[in-house]
Structure formats: structure tokens, C-alpha cells
Protein chains: 2
Amino acid sequence: MDERQQLFHLLNVDGQQLSEKQMNILQAAIDMFAEKGYAATSTSEIAKRAGVAEGTIFRHYKTKKDLLLAIVKPTLFQSVAPFLAKKFVKDVFENEYEHYEQFVRAVFKNRYEFVKTYLPAIRVLWQEMSFHDDIKAQFQTIFTNHVYEKFKQIVEHFQQKGELAPHPPETVIRLTITTIAGFLATRFLIMPDYPWNDEQEMERTIQFLMNGLKA
Amino acid sequence: MDERQQLFHLLNVDGQQLSEKQMNILQAAIDMFAEKGYAATSTSEIAKRAGVAEGTIFRHYKTKKDLLLAIVKPTLFQSVAPFLAKKFVKDVFENEYEHYEQFVRAVFKNRYEFVKTYLPAIRVLWQEMSFHDDIKAQFQTIFTNHVYEKFKQIVEHFQQKGELAPHPPETVIRLTITTIAGFLATRFLIMPDYPWNDEQEMERTIQFLMNGLKA
DNA sequence: AATGATAGTGAGTACTCACTCACTTTTATG
DNA sequence: CATAAAAGTGAGTGAGTACTCACTATCATT
């Protein structure tokens, strides 16, 4: 699966085929939104970079905002994808992961690959979320209804097994997420040019997290 | 010191007096940049909100970007202010802080108050840093020359005392900063409406951090 | 009261913006 | 091959955009 197909895979949630030019538009829009921001990028620039006429953009997307949402919505869902799987909690309870550490390792590795693969689209999502209340609201909904609910069950499960400190689950969740997200943000957004040894640094991060959370 | 005076204090690094209208302009610009972003905010809107003519803005700031920098630059310096103080490291070495935990507590509390007080300006700094390479470069310079250098000495000091795990100092620094920043970002940017018990949550965060980092 | 400097004004300017529409080209289907 | 639907085009449009400039108001100093 080449890069183009991956992009296709990320954005094409409802299964429709995208034409070559449509993919050019999306690719150009993602790259330019990520670089300069949505508001500072004009539709004429996107058209030029994509090698299409400006009108072609508006044939597929009613407004510029529509184009943004076509990028941001699928990325939003994919960014919490593991937690959207039906059998996700069940896997944990049925000893797919015997310890919280194994669970964290699986999530960490999985999200590392995701960020690495789709960085520009994730940049756009993250940056524009602050400015668009509708996107922010959708994120909040998905998080509380899917991620938080399932994460809480998992944390309580391992707390009952005596693996985790008796903090409120939301605190354990917050510390887990910010530790992982903190690494990914530093690694890919803040200091992408630093000579990282990813495996080593992720290992240290997990040790830190497990030490910090243990009962 | 009322809110207006604090703003003045934050922005007016070089000691010049600002007129009433100048402060209105800065206040309006900070609020609107924080809400809608720099690129999506027009100078005419800022003028309207500040209650001045549009020309007045350009009397004081040559360009719109100049206005942004007048907000962002002082905020950037203030955001790492503790590390800019000359005697900062000396204080640590002369047992002002006997343990790393005391040092972390002091920084944490200090930066918590800073973020709480100047949240809108910090939003602007954080959001626009991604889009403006000059701002990003200035941040990198300050960080590597001042924050990182001093932080490293402090970490090595406490590692020699056997308080901290023998990770590379940059790893300890990263984990410390992302843990603190992770709390502040969650508290003030991502979930500002959640019913936080700040003292308790900061206490848990520090316990987590110290547990995670101890030798 | 007179002077010069600084602060403030708002209509005007050249230009860019998102978006439209009448038209042409490509593609799918019998 | 014929036909219609879908995709693609690019000049055109009106509503802004950042910024200018000739002018007025305010203020400190003599």
C-alpha cells in the first residue's frame, strides 16, 4: 500500500472511490493546511498545487470549510480508532493483556505508527480544533462516549488487580494519555529534527509511566 | 494590580507607557487572535472591538504581523521566565531546593499561575508558533540556550545525589516538562470546563512524576 | 498663546478572497 | 455508437483584505 493509497484509506471512510484529481485536491489541502493553517491557505493556491482548476474544488466540496471537514472528520475518528473497536475492552478483560503495561505498550506502538503515517492530517486536526467549535464538540463527544468510557473500565480492571495506584480513574487516564501524547508531540511536532532513538525513548517513557502509576 | 495593569506588565517589557487606546488595541488583538486565530482575524474587526479607527492600529504597528509580534514576543519570554533569571541555577546548587521534588513544585506552581493569568496570550503564542517560522526559531533559540542548559545542570545535580533515575538528562527534562505541560494543557486548553480540584490534581501529578523519575 | 510633536481618524486604494456559472471534456451504460 | 450523467474548466463577481495618507485633535514645553 503506497502513500497515496494510505491517504485514500484514511480519508475514504464511506467507501466511495476517489478520482485522481480528487486525491490531488485532498493531498494539496492537507499539506497546505498543515503548513500555513486553514485560514491562511486560499482555494486558488490549493487548486494550483493540486493541478486542477479552482472550480473543480467546489464541484466536490460545497465550501472551503467542507473541504476542511473532509480531511478532519476521518482523521478525528482514526485518531481514537483502537477505542472504537467493539471487542477492545473485551480483549483486555479476557486476558489478552495480562498487565496494564502490555495494554499501554500496544496502544503506544499503535498510535506511534498512526501519527508517523498521517502526521500532516493530524496537524490539521489539532490546529484547527481550537478555532472551530463544531470540530471541538465532535471530538469531545467521541472522547466521552467512546474513549473515556472504555478506558475507565480498563483502568478500574487493573486497579482491582492491584496493579495501579488508587487514583481516580480519570487521573490515571489523563496521566497515561499525556505521557504518551507528550512523547509523540515532542517527537513529531516540537522537535522533529532531533536525532531520536525512538525505541529507546519509548521504552524509557513506558518505564516512567509504569513506575509513576504503580500502586 | 488589576487585569489591565497585568496585561501591561506582560507586554511592556521595555518600560514604555502605553496609552489607553494602545492597550485597547492589544487587548482586543489578544482576545480575537486567541479565539479565531491570527489569519482569520481582520484588522478592521480588531479596530471595531478596540473602539479605535483602523488607521490607529497602523500608527503603532507597521503591519498586522508587527501587532502579532508585540503580543507573542513578550509572552514567549515570560513563558520561560524562571529559567532566564541569573541566579536560578545557583539557587538550586546552594540548597535552596534540597530535593528535585521541591524544585519541581516551585516551577509547577509558578507556571500554573502564569498560565492561569495570561491564558489568552499563551494561546496565541502556542497556536501561531506552528505557522510562523520566525517565532518558532526564536522559541528554539531561547529554549536551547537558556532553559535546556540550566535544566540540564539541575537534573545532573540531583542525579549525582542519587535522587533521579540514570536516564539521559534530556529524557528527564522531557518527561518533567511534558508531565507539567500535560496537566496545564488539559486543565486550561482541552478541558477547561471540567470541575477541577487543582491542588489535589497537581499533587497527584507531582507524586506520579517523582515516582516515575526516582532512581 | 504659540509651536511642534505625537496620537487619532476614516475614506480611499489595489488587491485577494471564496464562490458561481455557462461551457467543454470524460466516463459509464444500453 | 449514441446518450446522458458526471467531472472538469476558468473568466467573472461582489465582498472583503491589509495598508496609506491627507487631515484633525490632543498635549507638553516655552
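Reminder, nothing fancy here: chain letters follow the sequence lines and each chain counts from 1. Basis for what follows: all heavy atoms, side chains included, without hydrogens, waters or symmetry-related copies.
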Asks: Whole Å only: how far is the CE atom of A/Met32 from the C1' atom of C/dA18?
Replies: 15 Å
Asks: Would you say that more than 12 heavy atoms from the other residues, nucleotides or ligands in this model lie under 6.0 Å from the NZ of B/Lys109, or not?
Replies: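 Not buried by this count: 12 neighbours or fewer within 6.0 Å.
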Asks: Between P on D/dT9 and CG on A/Asn24, what's the gap in Å once rounded to a whole number?
Replies: 10 Å
Asks: Do any of residues 53-67 of chain B sit with a heavy atom less than 4.0 Å from DNA chain C, and if so which?
Replies: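 Here the set is B/Ala53, B/Gly55, B/Thr56, B/Arg59, B/His60.
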Asks: For A/Glu101, enumerate each residue passing the side chain to side chain contact (heavy atoms under 4.5 Å, CB included) test, keeping only those at least two apart in sequence or located in another chain.
Replies: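 Once residues adjacent in sequence are excluded, the partners of A/Glu101 under the side chain to side chain contact (heavy atoms under 4.5 Å, CB included) criterion are A/Arg105, A/Ile206, A/Met210.
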Asks: Roughly, in whole Å, what's the span from CG in B/Leu18 to C1' in C/dG8?
Replies: 16 Å
Asks: With sugar-phosphate meaning primed atoms plus P, OP1 and OP2, does A/Thr43 contact a base, only sugar-phosphate, or nothing at under 4.0 Å between heavy atoms?
Replies: base
Asks: State, with a plain yes or no, whether a side-chain heavy atom of A/Tyr118 is found less than 4.5 Å away from one of A/Gln78.
Replies: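 A/Tyr118 vs A/Gln78: side chains apart.
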Asks: Expressed as a whole number of angstroms, how long is the span from A/Ile25:CD1 to D/dT9:P?
Replies: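 Interatomic distance, CD1 of A/Ile25 to P of D/dT9: 8 Å.
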Asks: Less than 4.0 angstrom from a charged side-chain N to a carboxylate O is my criterion; do B/Glu201 and B/Arg204 meet it?
Replies: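 Yes, charged N to carboxylate O under 4.0 Å.
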Asks: The side chain of A/Ser19 lies closest to which of these nucleotides: C/dC17, D/dG8, D/dT9?
Replies: D/dG8
Asks: How many whole angstroms separate atom CD1 of A/Ile46 from atom P of C/dT16?
Replies: 17 Å
Asks: In whole angstroms, how far is the P atom of C/dT9 from the NZ atom of B/Lys48?
Replies: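 Answer to the nearest Å: 15 Å.
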Asks: Mind checking side chain to side chain contact (heavy atoms under 4.5 Å, CB included) for B/Glu35 and listing every partner two or more places apart, or none if nothing turns up?
Replies: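 Residues passing side chain to side chain contact (heavy atoms under 4.5 Å, CB included) with B/Glu35: B/Arg49.
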Asks: Within this structure, what is the NZ-to-C1' distance between A/Lys36 and C/dC17, rounded to whole angstrom?
Replies: 12 Å
Asks: Starting at atom OH of B/Tyr38, determine the distance to atom C1' of D/dA18, rounded to an integer number of angstrom.
Replies: 9 Å
Asks: D/dA18 phosphate, OP1 or OP2: any side-chain N/O from B/Ser44 under 4.0 angstrom?
Replies: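 For D/dA18, neither OP1 nor OP2 has a side-chain N or O of B/Ser44 closer than 4.0 Å.
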Asks: Kindly give the heavy-atom pair with the smallest separation between A/Asn110 and A/Pro82, and that separation in Å.
Replies: OD1-CG, 3.6 Å
Asks: So for atom NZ, which belongs to B/Lys73, do other residues, nucleotides or ligands contribute more than 12 heavy atoms lying within a distance under 6.0 Å?
Replies: no
